[in-house]
Q: 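Pasting in a structure now, in structure tokens, and then I'll have a few things to ask.
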Amino acid sequence: MRYLLHDVFLDTVHARPESTAMVLEDGSSFTYADLNKLSNQFAQFILQHKQSGVMTDPYVGILSPVHERSVAAIIGALKTGCAYVPLDEASPVERLKQILDNTKLDLIIIDEHLCDKLLTLFDHEHVRHVLVLGRGTRKQEVYTKITEYDALLACSDKEPAHRNQVSDDLAYILHSSGTTGIPKGIMLTHRNARTFVDLMHKEFALTTDDVVMSRAPFKFDLSVFDIFNTFKAGATLVCFDWNKAREVDAK
């Protein structure tokens, strides 16, 4: 049975392609059609770089705050049949390496501002490709695994071939805080995620006129509510810029 998390997004793309899907703090906005085209480019990139195939290497690491590129990357990963694995940017590199050991992640999609901080992560034996969500990194001379964002934009925005996905396929893997010393993966299927989204849609009754603030990073399952409940309703998701310097009120 097809009961997939990203179908709530695709349904809105078909029904309301020119409605605003996301707005960033700087005022830039993206329609559902825009976001869908970008997600297709991510899907095409992922399929090109899964050398052993999606069935053998079914996970895509996401190391980024919530914005249009990272959300499109997640939808693109789901379209290929992959599950996404959020990686916490605040975690020590050694903890992230433990997650790579557990999942054998071969592809990581990372925000540009995190590259310098986490460069040593790319040395992990399982990591073969790193896509940077930004320009100007110019670190390919040292890390040949790195691909810059321009290469993603050169990919086709054609919808990837339909995959025989079912509701019991994995959608994403969250990791525990690691209180035992080793982070443990929590595997969520499309059925898990869709049931949650459908229940929250019924409970909160969002409409196309609503505007929802993105509050939770990808490492928390509340982000699924923020993103996919908004998209199911055809509403607009507003993203806070977590990298922007803020003034602190004097006390």
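Since the structure is predicted, the reported quantities are computational estimates derived from the model, not experimental observations.
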Q: Just checking Phe218 against Tyr172, ring centres under 6.0 Å apart?
A: no
Q: For Asp57, is there an ion pair with Lys104 - N to carboxylate O distance below 4.0 angstrom?
A: no
Q: Do the side chain of Asp198 and the main chain of Thr195 share a donor and acceptor less than 3.5 angstrom apart?
A: no
Q: His126 and Asp101: side-chain donor and acceptor closer than 3.5 Å?
A: no
Q: Determine yes or no for a side-chain-to-main-chain donor-acceptor pair under 3.5 angstrom, with Lys219 supplying the side chain and His175 the backbone.
A: no
Q: Please answer whether the main-chain N or O of Val127 pairs with a side-chain N or O of Lys145 as donor and acceptor at a distance below 3.5 Å.
A: yes
Q: When you measure from the side chain of Glu25 to the backbone of Asp241, do you find a donor-acceptor pair of N or O atoms at a distance under 3.5 Å?
A: yes
Q: Within the side chain of Ser28, is there an N or O that forms a donor-acceptor pair under 3.5 Å with the backbone of Leu24?
A: no
Q: Should Ser39 and Lys79 be marked as a side-chain hydrogen bond (donor to acceptor under 3.5 Å, both in side chains) after you check the CA-CA gap, both sets of side-chain angles, and the distance that decides it?
A: CA-CA 8 Å; Ser39 75; Lys79 285 181 176 182; 2.9 Å; yes
Q: For the CD atom of Gln165 and the OG atom of Ser167, what is their distance to the nearest 0.5 Å?
A: 11.0 Å
Q: What do the steps show when you test Val93 against Leu118 for side chain to side chain contact (heavy atoms under 4.5 Å, CB included), and what is the final call?
A: CA-CA 7 Å; Val93 171; Leu118 298 171; 3.6 Å; yes
Q: Are the charged groups of Glu89 and Lys117 less than 4.0 angstrom apart, N to O?
A: no
Q: Could you tell me whether the side chain of Ser29 and the main chain of Val23 form a donor-acceptor pair under 3.5 Å?
A: no
Q: Please determine whether side chain to side chain contact (heavy atoms under 4.5 Å, CB included) holds for the pair Thr31 and Glu18, giving the CA-CA distance in whole Å, both sets of side-chain angles, and the decisive distance to 0.1 Å.
A: CA-CA 5 Å; Thr31 66; Glu18 298 310 314; 4.1 Å; yes
Q: Between atom CZ of Phe231 and atom CZ of Arg16, what is the distance when rounded to the nearest 0.5 Å?
A: 13.5 Å
Q: Which label fits Tyr32 and Phe9: parallel for a plane angle under 30°, tilted from 30 to 60°, or perpendicular past 60°?
A: tilted
Q: Can Ile75 be reached from Leu4 by stepping across I, L, V, M, F, W or Y side chains whose heavy atoms are under 4.5 Å apart?
A: no
Q: Does Arg69 qualify as a cation-pi partner of Tyr149, given the criterion of NZ or CZ under 6.0 Å from the six-membered ring centre and within 45 degrees of its axis?
A: yes
Q: Would Ser223 and Asp226 count as a side-chain hydrogen bond (donor to acceptor under 3.5 Å, both in side chains) if you check the C-alpha gap in whole Å, the side-chain angles of each, and the deciding distance to 0.1 Å?
A: CA-CA 5 Å; Ser223 64; Asp226 291 345; over 6 Å; no
Q: Would you say the side-chain atoms of His49 pair up with the backbone N or O of Phe45, donor to acceptor, closer than 3.5 Å?
A: yes
Q: Within the 3.5 Å criterion, strictly below it, is a donor on Thr189 or Asn192 matched to an acceptor on the partner's side chain?
A: yes
Q: Which of these passes side chain to side chain contact (heavy atoms under 4.5 Å, CB included) with His129: Leu107, Leu105, Ile146?
A: Leu107
Q: Among the clusters formed by ILVMFWY side chains lying less than 4.5 Å apart, do Phe220 and Leu63 turn up in the same one?
A: no
Q: For Asp88, is there an ion pair with Arg95 - N to carboxylate O distance below 4.0 angstrom?
A: no
Q: May I ask whether Leu222 and Met22 are part of the same hydrophobic cluster, defined by side-chain heavy atoms of I, L, V, M, F, W, Y residues being less than 4.5 angstrom apart, directly or through others?
A: yes
Q: Compute whether any side-chain donor of one residue and acceptor of the other, for Thr120 and Asp123, lie under 3.5 angstrom apart.
A: no
Q: Quick check for you: to the nearest 0.5 Å, what is the distance between Ile109 atom CD1 and Ser64 atom OG?
A: 9.5 Å
Q: In Å and rounded to the nearest 0.5 Å, what is the CD1 to CD1 distance from Ile74 to Ile62?
A: 5.0 Å
Q: If only atom types and distance count, is the side chain of Thr236 paired as donor or acceptor with the main-chain N or O of Thr20 below 3.5 Å?
A: yes
Q: Considering only NZ, NE, NH1 and NH2 on the basic side and carboxylate oxygens on the acidic side, decide whether Arg191 and Asp169 come within less than 4.0 Å.
A: no
Q: Under 3.5 Å, side chain of Arg163 to main-chain N/O of Thr80, donor-acceptor pair present?
A: yes
Q: State yes or no: do Leu199 and Val212 share one hydrophobic cluster built from I, L, V, M, F, W and Y residues joined by side-chain heavy-atom distances below 4.5 Å, directly or via other members?
A: yes
Q: Under a 3.5 Å threshold, yes or no: a donor from one side chain and an acceptor from the other, between Asn102 and Tyr59?
A: no
Q: Does Phe42 belong to the same Ile/Leu/Val/Met/Phe/Trp/Tyr cluster as Leu153, with side-chain heavy atoms less than 4.5 Å apart forming each link?
A: yes
Q: Rounded to the nearest 0.5 Å, what separates atom CZ in Phe30 from atom CG in Asn36?
A: 14.5 Å
Q: Distance-only, no hydrogens or angles: does the Gln41 side chain make a donor-acceptor pair with backbone N or O of Cys155 under 3.5 Å?
A: yes
Q: With a sphere of 6.0 Å drawn around CG of Asp26, does it hold more than 12 non-hydrogen atoms of other residues, nucleotides or ligands?
A: yes
